[in-house]
Every structure is written in structure tokens, then in C-alpha cells.
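Working notes for the structure below.
Here is how names work: the chains are called A, B, and so on, in the same order as the sequence lines, proteins then strands, and each is numbered from 1.
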Protein chains: 2
Amino acid sequence: MESIDTELAARIRNDIVLGNYGEEERISEARLCDTHKVSRTPVRLALRMLEQEGLIRRSEGRGYFVNAPNVNDVLQAVQVRGHLESLAARLMAQSPDRLSTLPILEAAIEEIDRLILVGKMDHASIRLIQKQNAVFHKTILECCGNDFIGFTCSRISHMPMLEVGAMVFDRQVLSTKEGKERSNFRLKLGNSQHKVIFEAIQKGDAVRAEGVMREHSNTMIEYIQVFEKRTKEELTIKDLIDYSGLSVMRKEHDTTGKEKSL
Amino acid sequence: MESIDTELAARIRNDIVLGNYGEEERISEARLCDTHKVSRTPVRLALRMLEQEGLIRRSEGRGYFVNAPNVNDVLQAVQVRGHLESLAARLMAQSPDRLSTLPILEAAIEEIDRLILVGKMDHASIRLIQKQNAVFHKTILECCGNDFIGFTCSRISHMPMLEVGAMVFDRQVLSTKEGKERSNFRLKLGNSQHKVIFEAIQKGDAVRAEGVMREHSNTMIEYIQVFEKRTKEELTIKDLIDYSGLSVMRKEHDTTGKEKSL
DNA sequence: ATAACCGGTTTGGGATCCCAAAAAAAGAGC
DNA sequence: GCTCTTTTTTTGGGATCCCAAACCGGTTAT
């Protein structure tokens with residue numbers, strides 16, 4: 001479906017964020033041609049895209065260098081996205097024609113509630129919850145009246161954990177009963193925040209909508225920081241992706257992409 | 001200095017935001033090659049960059065289409081940037097090592113004060129004021145501790161009025177004595193906001209720093225909206241650039257670019 | 001008359017070639 | 001033995017070529 005350069009950019013992007021290139025490693029067009037079995041043209045197009053995304057930078061002299069993001073970068077980016085979402089929540093609460101989209105938010109909240117109540121914390125359930133969570137957040141971004149907020153978020157979504165509505169789950173914790181309880185509590189807390197945001201938007205309480213959305217975003221940041229402290233060695237981005245449960249989606253996406261490219 | 005594709009992207013970008021292409025106009029690689037006298041390779045690289053910036057989009061079938069931003073888009077983008085700046089102000093107020101950069105802010109404020117006091121509203125003075133204004137805003141973005149904020153702002157700076165610290169001046173108004181008074185008042189108001197932001201950051205009053213910075217950003221939005229209402233026909237982006245006083249800088253930049261490319 | 005079909009043309013994607021500049025390696029001078 | 005210079009190699013930028021898919025126009029069949 002997509003052209004090779006876009007696909008290629010996705011691959012290289014994946015390699016960079018997963019840490020397959022050393023931080024600051026020099027990257028060569030020829031090598032990329034060789035490893036990905038394509039000509040230089042799509043490689044160069046892909047590199048331009050990645051350069052715009054800030055994942056690589058062009059040296060003044062010659063050559064490209066990897067700008068591999070670390071966990072701190074991701075945390076900063078999550079903070080930015082959260083802040084933008086809080087603006088979106090405020091604007092949507094102020095928007096006169098917000099009422100028509102409110103049912104979408106309500107449906108997402110109720111669906112998450114239902115899934116939590118069922119209590120199955122398997123992959124399928126988590127994916128469904130994440131999907132509804134994404135619906136909730138995307139809806140606010142898209143219906144706030146300022147399209148540029150959504151655009152800006154999409155420009156920074158290439159980093160892991162920055163897909164709108166991404167959530168963090170601790171696989172390790174999910175395997176124990178106590179861990180399940182804790183994750184369940186987090187989900188309930190998150191969705192209750194959704195409810196407050198929903199009601200604030202409904203009532204037109206812009207300040208409250210913004211504030212709770214901000215708090216909602218901070219929840220994820222703090223949770224990631226809990227990971228950071230608990231992990232003995234350095235927490236890598238790979239760990240984050242594994243934790244997030246997005247790896248499943250990502251993997252599926254990759255294989256389909258491969259099938260098409262072959 | 002820069003490679004042709006970067007330079008070319010700048011040209012096309014300029015053409016698009018200045019409205020030289022009709023909104024939704026189809027754009028062809030071959031035509032760009034012809035008009036800019038370059039081969040297709042740099043054209044395609046430039047188009048990828050512009051695509052990332054959202055100024056053009058690739059049709060699923062074939063061909064590129066321009067996404068010319070209108071004044072409303074610019075207003076939305078200014079709102080986003082302002083919101084990000086307010087986050088930066090808050091974070092900087094919370095940052096423990098903010099004290100070392102405070103003198104930079106103070107110097108910028110004092111320099112602006114001095115220039116206002118002189119009262120000459122000619123091009124040179126306005127440029128100096130804008131420069132110091134940019135210093136103030138850039139410093140906060142760069143020293144807030146979250147580098148991703150500055151990065152995100154830089155990603156959306158390709159639109160006019162989005163250069164950090166850009167200001168709007170009404171040329172028309174500047175020509176009359178009453179208009180000068182009014183512009184002078186705006187500058188004083190703006191710089192007094194700078195002072196409040198500075199003091200809030202100094203004291204570590206994060207909430208106030210964020211709030212005043214937000215108010216500071218809203219000032220420009222409201223001023224542009226004043227333009228919009230006063231102008232009989234549709235306000236174009238070209239008008240905004242002319243008003244902003246950036247056209248001088250932009251023009252200079254363009255000619256140097258031309259000299260190098262010829 | 002309309003719609004389906006067919007050939008020519010346009011256009012963008014990918015590969016390849018050439019070249020200049022930069023980096024690396026080899027050689028000369030101290 | 002070290003450094004500066006020269007030569008070789010690498011590497012990225014730009015141009016050109018080829019091709020397949022999409023667009024356009026005309027023709028034909030229903």
C-alpha cells in the first residue's frame with residue numbers, strides 16, 4: 001500500500017527506537033541499501049523523513065548520525081503530549097458544538113468499565129481497553145476545534161509510548177494475582193478520570209477538564225518513573241514497549257508490512 | 001551551505017504559505033524541476049520534508065496536493081505554541097538550576113525596556129526588540145529542562161508567525177502618531193508580562209509563570225483577531241507576514257540564499 | 001446516448017550513474 | 001618516531017534512465 005520509502009522509514013525508525021543502532025552511531029546510505037535490499041533513492045527519502053522526526057541528524061560535513069531517544073526523552077515527550085491533550089480538553093469544553101461528540105466519549109468510557117468489570121487481564125482484553133482508551137483521547141484531540149493540536153501530536157507520535165492513548169502495563173506484575181489487582185486499580189482510576197473529564201466537558205467546565213486531563217497524563221509519567229526506580233539496570237525503550245503491550249500490535253503491523261513488501 | 005533540497009524546500013514552503021499556489025492545487029515534480037531548474041532528486045527530497053511538515057500531502061493515487069494554511073491555521077498554531085511555552089515557563093519555575101539563566105532573561109527585559117523608552121519605532125528598533133523578545137522566549141524554551149518542548153516548537157516553526165518570539169506590528173498603524181502610541185502601549189504591556197513571568201520563575205511560582213505566559217500568548221492571538229475583524233476582505237497570511245515585520249528578515253535571508261544558489 | 005474499452009500520455013517510484021567533497025590511508029619530510 | 005602532505009577510498013548529493021500505474025482522450029459496442 002505504502003511506498004517503499006515510507007515502509008523503509010518505519011523499519012529504520014523501529015531499529016533506532018529499539019536501540020539496534022548505538023547512540024550516536026554513524027549511519028551510511030550504502031549500508032542501509034545493503035541491509036534492506038533497496039536502492040539509494042528510497043533510502044534517502046526515508047532518511048529525510050527521519051531527519052524531520054529528529055531521530056537522525058545530518059552532519060555538516062557528511063554522514064548521518066543516529067539520535068537514539070532514551071527513556072528520559074520519552075518521558076519528556078509524554079509530558080508534551082499530555083500538555084497538548086489538556087489544551088484540547090479545555091478547548092473542547094469551551095466548544096459550543098461539543099455535544100454531538102459526547103456520546104462517543106461516553107461509549108468508550110462505558111466499554112472500558114465493562115471490560116474492567118469482566119476482569120480478564122489477557123492480551124485480548126488489554127488490547128480492547130487500549131483501543132477504547134485511544135478512542136477517548138483521539139476524540140478529544142479531533143473534536144476540540146483546534147486541528148493543529150492533533151497534527152502536532154501526530155508529528156511526535158513516531159516515538160514509542162506516544163501513540164495517542166497508549167498505556168503502560170507491567171507484564172511482570174500482570175503475572176501475579178496481586179499485580180493484577182494493582183493494574184485493575186490503575187485502570188479504574190484512569191477511567192474515573194475519564195469520567196470526570198467527560199462531565200467537565202459536558203458541563204463546559206474548561207478549567208476542570210484541563211486540570212484533570214493534565215493529572216491523567218501525569219499518571220502515566222509517574223508510573224513509568226516507578227519502573228525506572230524499580231529496575232536495577234538502566235531502563236531501555238525496548239522495556240517500555242514490552243511493558244506497554246503495544247509490541248503485539250507493532251509486531252502484527254510489521255509482519256503484514258513484510259508480506260506486502262516481499 | 002545547505003544542500004539544494006533544503007534550500008528548495010524553503011522556497012517551495014515560502015511559495016505555499018504566501019499563497020502562490022492555490023489551495024488544494026495539484027503540484028507536480030516535473031513542474032517544480034522546471035521552475036526551479038533542478039533535477040527530480042532534490043525535488044523529491046524537498047517534497048518529503050514538506051509532506052512531514054503538513055504543507056503538502058500525497059494523494060493515494062498519484063500526485064501531490066498543497067495544503068495551504070490559512071489565517072485560522074496560523075491562529076491555531078500560535079495557540080499550540082503558546083500553550084507549549086506556558087508549560088516551559090512552569091517547568092523552568094520548578095527547575096532548581098534556573099538561577100544561572102535568569103540574568104539572560106533579565107537582560108532581554110531591560111534591553112526591551114530601554115528600546116521602548118527611546119521610543120523610536122523604526123525598522124531597526126523593531127528588529128532589535130523582536131530579537132530580544134526572541135531571546136526571552138527561546139531562553140525559557142531551552143532552559144526549562146524539557147528539551148522536547150523546544151523540539152516540538154521547532155517542528156511547527158515553518159509556518160509564519162511561529163518563529164519563537166515573533167511579534168505582530170501593524171504597519172498601517174505605525175505610520176500615524178496615535179498608532180505609534182498604541183503600539184508602544186502594546187510593547188510595554190508585553191514587557192511587563194515578561195517581568196511578571198521573570199519574577200514568577202525567580203520565585204519558583206510555577207502556577208503564576210504558566211498563567212502569565214499563557215496570557216502573554218493570548219495577547220498575540222487577540223491582536224491578530226483584531227486585524228481579522230478590521231480587514232474588509234479576507235485576511236491573508238501574506239498580510240500577517242507583512243504586519244509582523246518579519247518580511248525584512250525573510251527577504252534578507254532569501255537574497256543571501258539566492259546568491260549562494262546561483 | 002451512455003458506458004465500457006483501449007491506446008497514448010503523464011507522472012511518480014525506484015535504480016543507476018557521475019561527481020565532488022570529505023574521510024581514511026599511505027607516503028614523504030623533519 | 002612523529003607530523004604534514006598526498007593519494008586513495010568512501011560517501012553523499014544531483015542527474016538521468018526505466019518502468020509501472022494512473023490519467024486522458026477517443027473509439028466502439030450496447
Side-chain angles (χ1 to χ4, degrees), chain A residues 1-13 15-16 20-68 256-262, chain B residues 1-13 15-16 21-22 24-68 256-262:
Chain A
M1 179 172 59
E2 290 287 343
S3 50
I4 286 190
D5 52 13
T6 311
E7 170 77 19
L8 186 61
R11 280 166 193 273
I12 303 174
R13 185 184 303 124
D15 282 344
I16 292 177
N20 293 347
Y21 293 100
E23 196 167 343
E24 293 283 320
E25 178 174 337
R26 191 192 169 116
I27 198 172
S28 126
E29 291 185 359
R31 188 184 310 273
L32 288 174
C33 293
D34 196 43
T35 56
H36 294 93
K37 299 276 178 276
V38 286
S39 150
R40 278 185 57 206
T41 309
V43 167
R44 295 177 64 191
L45 292 172
L47 289 181
R48 278 306 176 290
M49 292 197 266
L50 296 175
E51 186 193 3
Q52 293 282 15
E53 295 173 7
L55 290 174
I56 63 173
R57 64 168 201 280
R58 268 192 286 179
S59 153
E60 12 282 330
R62 184 162 47 196
Y64 304 86
F65 289 92
V66 178
N67 257 68
T256 56
K258 257 179 195 165
E259 278 171 16
K260 266 160 203 156
S261 73
L262 286 178
Chain B
M1 176 173 60
E2 290 286 342
S3 49
I4 285 190
D5 50 13
T6 311
E7 170 78 18
L8 187 61
R11 280 167 192 271
I12 303 175
R13 185 184 304 123
D15 283 343
I16 291 177
Y21 293 101
E24 293 283 321
E25 180 174 335
R26 191 191 168 115
I27 199 173
S28 125
E29 290 185 1
R31 187 186 311 273
L32 288 174
C33 293
D34 196 42
T35 57
H36 293 94
K37 300 276 179 272
V38 287
S39 147
R40 280 185 57 204
T41 310
V43 168
R44 296 176 64 190
L45 292 171
L47 288 181
R48 279 305 176 291
M49 292 196 266
L50 297 176
E51 187 192 1
Q52 293 282 335
E53 295 173 7
L55 291 175
I56 64 173
R57 63 168 202 282
R58 267 192 286 181
S59 151
E60 12 282 329
R62 163 103 40 70
Y64 304 85
F65 290 92
V66 298
N67 259 73
T256 55
K258 257 178 195 166
E259 279 170 15
K260 265 161 203 156
S261 74
L262 287 178

Using only modelled atom types and a 3.5 angstrom limit, is any donor from either the side chain of B/Arg44 or the base of C/dG14 paired with an acceptor on the other? yes
Measure NZ/B/Lys37 against P/D/dG14 and give the value in whole Å, please. 17 Å
Donor-acceptor pair (no angle test) under 3.5 Å: B/Arg62 side chain, C/dG13 base: no
Rounded interatomic separation in angstrom, taking CZ from B/Phe65 and P from D/dA22: 14 Å
Answer with base, sugar-phosphate or nothing: what part of the nucleic acid does A/Thr41 contact at a heavy-atom distance below 4.0 Å? base
Please compare B/Arg26 and B/Leu45 by the position of their nearest nucleotide in DNA chain D and report the one closer to 5'. B/Leu45
Quick check on side chain to side chain donor-acceptor pair (under 3.5 Å): which of A/Glu25, A/Glu51, A/Arg58, A/Glu29 does A/Tyr64 satisfy it with? A/Glu29
Can you check the B/Asp5 CG to D/dG14 C1' distance for me, whole Å? 10 Å
Nearest non-hydrogen partners of A/Ile16 and A/Leu55, listed with the distance: CD1-O, 4.0 Å
Any side-chain heavy atom of A/Leu47 within less than 4.5 Å of one from A/Leu32? yes
Atom CG of A/Leu8 to atom P of C/dA15: distance rounded to whole Å? 10 Å
Take atom CZ of A/Arg31 and atom P of D/dT9, then tell me their distance rounded to the nearest Å. 19 Å
Whichever of A/Ser59 and B/Tyr64 has its nearest DNA chain C nucleotide further upstream toward 5': B/Tyr64
Nearest-angstrom distance from the residue atom CZ of B/Arg40 to P of D/dC18: 13 Å
Does the base of C/dG13 carry an N or O that pairs as donor and acceptor with the side chain of B/Arg58 under 3.5 Å? no
Check whether any side-chain nitrogen or oxygen of A/Ser39 sits under 4.0 Å from OP1 or OP2 of C/dG14, and answer yes or no. no
To the nearest angstrom, how far is A/Ile27 atom CD1 from D/dT11 atom C1'? 14 Å
For A/Arg57, does the CZ atom have more than 12 heavy-atom neighbours from other residues, nucleotides or ligands under 6.0 Å away? yes
Measuring only between side-chain heavy atoms, which start at C-beta, is A/His36 closer than 4.5 Å to A/Asp15? yes
For A/His36 and C/dA15, what is the distance between atoms NE2 and C1' respectively, to the nearest whole Å? 18 Å
D/dG14, C/dG13, D/dG13: which one has an atom nearest the side-chain heavy atoms of A/Glu29? D/dG13
